[in-house]
Each structure stands twice: as C-alpha cells, then as structure tokens.
Number of protein chains: 2
Amino acid sequence: MKKKILVVDDETRMRILLSDFLTAEGYEVIEASNGREAMNTFCSMPGIRLIILDVMMPELNGWQVCEEIRTISDVPILFLTAMSSENDEIKSFICGADEFIKKPFSPSVLVLRVNALIKRIYGEEDIIEKGMLRIDRTCNMVWETHDLIELSQTEFKLLMYLIQNEHAVLSREQILDNVWGFQYDGTDRTVDTHMNRLRIKLKKSNHYIRTIRGIGYMFEVM
Amino acid sequence: MKKKILVVDDETRMRILLSDFLTAEGYEVIEASNGREAMNTFCSMPGIRLIILDVMMPELNGWQVCEEIRTISDVPILFLTAMSSENDEIKSFICGADEFIKKPFSPSVLVLRVNALIKRIYGEEDIIEKGMLRIDRTCNMVWETHDLIELSQTEFKLLMYLIQNEHAVLSREQILDNVWGFQYDGTDRTVDTHMNRLRIKLKKSNHYIRTIRGIGYMFEVM
DNA sequence: TACAGCTGTAACAATTCTGTGACAAAGGTA
DNA sequence: TACCTTTGTCACAGAATTGTTACAGCTGTA
C-alpha cells in the first residue's frame, strides 16, 4: 500500500508542485489548504505517514497545527517556510517538527529529504520479501508465492522475530522473551509447538525454519 | 462512463505508447496527429476531459493550439516536450498549461500525473464502483450488480469509510471515531453488530469485508 | 396512538487461538 | 545395540475473539 503524505499549504500552486513530485515518487498525496482542514483530514484518514506543513497560513498557522497534531500523534512533520530566521527554525523544532526546509527549495531535494525522513522514522519497509515469502506488516498478512497464509497474532510475531534475526540462532528463552514478553513464565516447549504450527502453515517454505539441536531455532532462506 | 483524453502528437509511436497506457488505466483515448486535427476533434467531440499536447509539431505548434483552445475552453492541458529550457516551461504555463512533462518520460509516471490532474480538476467521483458494488454518494444509494441495496445512514457511512480505506486494516476504535464520531463512548462491539448487518445486506459481496482477527476489519475487493 | 425502521447493548453461540502434557520420533553416545 | 536427551506431533481444555440474535429504547410517520 502506498504511503500517505498530507500536504498542507494555502497556495494551490505549491500544493500542485509538491503533489506532482511526491506522487511520481510513489506516495499517495492528500491535500489540505488550511490548518483546520488539515486537522480534520488527519483525524479522519488513518495511515498518514508524514505531514508537510507550510508555516504561513491564514487562520491556524503551521506552528499551531503542529502543536495540535502533537497532542494526538507523533507523525513526522516537515516544515516549509518562506522565512529563514534562525528563531523560526528553533521554534519549529521546539513545537515538534522533524525537518525544516526553506522556500525556495528544489523539489527533488525535498523528495530526497522526505524519503530519508520516512525511512528514519519508520525504519523497515511495510512489505518484506524473503525467498518465496511476502509479508505485509501493516495488516499482518503473509503470502507464499501468491497464496495467502493466515497466521494468528502469535504466529505472525514469531515469524517476524525469526525473519528480523535471519541467520542468527535463537534460543527458546530469547524467543519467549521477545515474542511472548519477559513476564511470560510458561514452559519453553510452547515455542516448539508454535514453531510446528508455523511450519505447517508455511507449506513450501517451512524449511526456512531450521532446528539447531541443543540450542534453538534459526531462520534462513537458502 | 470513461473519461476521454485527447492525445495530440505527430509521432505515431508516441501516440500509441500514450494510448496503450491510458487505455489500460481506464481512459478513452482519442488521437490527433496535428494541431489542426486536434482543434477539429476537440470542437466536434463533447466531453473531452484532458488534452495531452506535444509542443513540437508541424503547422500549428503546441503553444498555438493551447492558446486557441483557451479561447473556447478551460479543459486541463498537459504539455509534452523534448526541450527542457526553463523559458519553455514558463511559456507553457503562461499560455494556459496545467502540467508540463519533459521527454523522455516514464509512461507510468505520466499516468500518475494524469490521474492526479483529473482528480484535482474534477474532484472526487460521485459514483464509486468497487467490484460488484456501485455507490452513489449524492443520494446515499448502493447497488450490487443492478440490485438496489437499502442501507441505513450508519451502514452507509460505515461502508463508505471502509471503501475509502480499502486495503487498510481498521481497528474498531478507528471505525468508531470516524463513523460514530469522537464523542461516542459505547462498546466497540457495536462495530461488530453493524458489520454483521452490512454483511447480511451485501449478499453476494459480503466477502469484501474481511475480519482481521485481533485487529479489526478490512475492505478488499478480490 | 399504532407502527415500522433504526440503534446500541447484552447474552449466547461459534470459531479460533493458546499452552500443556503425553507420547512418538530422531539424534547422540557408550 | 541399548540408553538417554532433545525435538516433533497431536489432542485437549480453557481462554479469547468474533458472529449472531433478541430485545428495549428511540425516532419519525401515518
């Protein structure tokens, strides 16, 4: 699924410019022409990954919108401003901005910084591909070469932990701590049972999960 | 009804390329190989929603066509040009262009920009089609392959929210906030009940609404 | 008033998930 | 081989989640 970016600017031309470049880069752009509209859109549309916010706007200005957003969300915010005083920059960071770009700016540089920011904040991609497996972290779904595999929450978390530690041998204790949590105090044979269930569901790719006798398990695509 | 796009270029290869990509995207493409033909076609065929115009053409060039079109219509115009000087870009905007793409370009990027331009100019569709569902937002009516489905207000709003967030997993809390409003403070099981009512009414298409156990619901046409 | 449709809630049913124990199978060693 | 350790597999009971239904309150209308 495309990552959504909310662009907030009262100038139509600026919204169009940003929208074009970001859309071409593969983002889904949602536009708002003022602070009030931005707040409404942000609250009603889930999954917005980044807000690009003009400082100078009528009614609510950028800083005010930023403060209001910060009361409900930690979504990354990138400020766009025509002014360039150092105070403004400091003010932006104080009220919770993650980036700050001065107008005029080069659109391609802005795209680069947007990409970098999103990668920095969200880290991994939403879609992970390993061998014949495709995993969508946003909706807990896994496909094995086009076939949807339905995993329970525990199985999904277990698979994610294995994949994130590919090539590493993981003890049952490590797995329990990270998938079940430190407070868990059951048998470590529970891990074996779930590993078995996972292997059954990963029909063709179950050999990715290897047993390391005497130690634990390891995920490896070969 | 499909949206008509007039593609004007003297190179046959280019017309075919554009026509293929835009047709695949669901547009109806009308071709013209020079400025004069473009003017004639535009005047004789009503309902053209966008013109893609090559700048370098024999007889009437793109800018001249654009100026002539602008005397009779505000239809959005997208320029395509092999040249890349900043002056040309400025000249294009002055004579009334809405977009400007330099050759060579990626056809899929062009399609994205065409979609964005049309959406921006004409706004959202009143009629939404998803799989076997047809939804008219102006009168809150829904059809499932010719059969009218009578939904209550809540059910309609719920369906719209699901469709507007297709492919996204929505938690019960998100759904309550957006369909019922933030001030609502009942059980989140209300969502389940309404989801059930919706599924009963969407007889043949109720599998579009998927339960994501432990998380919430997701709308997806497959 | 009577009535019909819509809504939210609670209760119960159905389904799915989870951890555990028991036993089978496999691996390793003397 | 015999023996012990480790892992795989399965069944089951209880927990958690979701589906479904009934019902009471509410609204607007005839």
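Each chain gets a letter, A, B and so on, in the order the sequences are listed, and its residues count up from 1.
Residues A/Thr154 and A/His194 are in side-chain contact: their nearest non-hydrogen atoms beyond the backbone lie under 4.5 Å apart. Inter-residue side-chain proximity for A/Tyr208 and A/Lys130 is flagged as unmet; no heavy-atom pair is nearer than 4.5 Å. Looking only at side-chain heavy atoms (C-beta outward), A/Phe79 and A/Ile52 stay at 4.5 Å or farther from each other.
If you find the closest nucleotide of DNA chain C to A/Arg213 and to A/Lys201, the one lying nearer the 5' end belongs to A/Lys201. Where B/Gly216 and A/Arg199 each meet DNA chain D at their nearest nucleotide, the meeting point lying more 5' is that of A/Arg199.
Residue A/Leu176 contributes atom CG, which lies 11 Å from atom C1' of C/dG19 at whole-angstrom precision. What separates CD of A/Glu150 from P of C/dT15 is a distance of 15 Å, to the nearest Å. Rounding to whole angstrom units, CD of residue B/Gln153 and C1' of C/dG8 are separated by 17 Å. The distance between atom CG of A/Asn196 and atom P of C/dC23, rounded to the nearest whole Å, is 18 Å.
Within a 6.0 Å sphere centred on CD of A/Glu173, heavy atoms belonging to other residues, nucleotides or ligands number 12 at most. Within 6.0 Å of CZ in B/Arg137 there are more than 12 heavy atoms belonging to other residues, nucleotides or ligands. For A/Asp185, the CG atom counts as loosely surrounded, since its 6.0 Å shell holds 12 or fewer non-hydrogen atoms of other residues, nucleotides or ligands. Dense packing is recorded around NZ of A/Lys204, with more than 12 heavy atoms of other residues, nucleotides or ligands lying under 6.0 Å away.
Evaluation of the salt bridge (Lys or Arg N to Asp or Glu O under 4.0 Å) rule for B/Glu155 yields B/Lys201 as partners, not counting sequence neighbours.
The span of DNA chain D lying next to chain A, judged by atoms under 4.0 Å from heavy atoms, is bounded 5' to 3' by D/dT5 to D/dA11.
In this structure, A/Thr190 contributes its side chain and A/Thr187 its backbone to a donor-acceptor pair below 3.5 Å.
Counting non-hydrogen atoms under 4.0 angstrom, B/Leu151 reaches nothing in the nucleic acid. Among the atoms of the strands shown, base atoms are found under 4.0 Å from some heavy atom of B/Arg197.
Only A/Arg189, A/Asp192, A/Thr193, listed by number, bring a heavy atom of residues 180-194 of chain A to less than 4.0 angstrom from any atom of DNA chain D.
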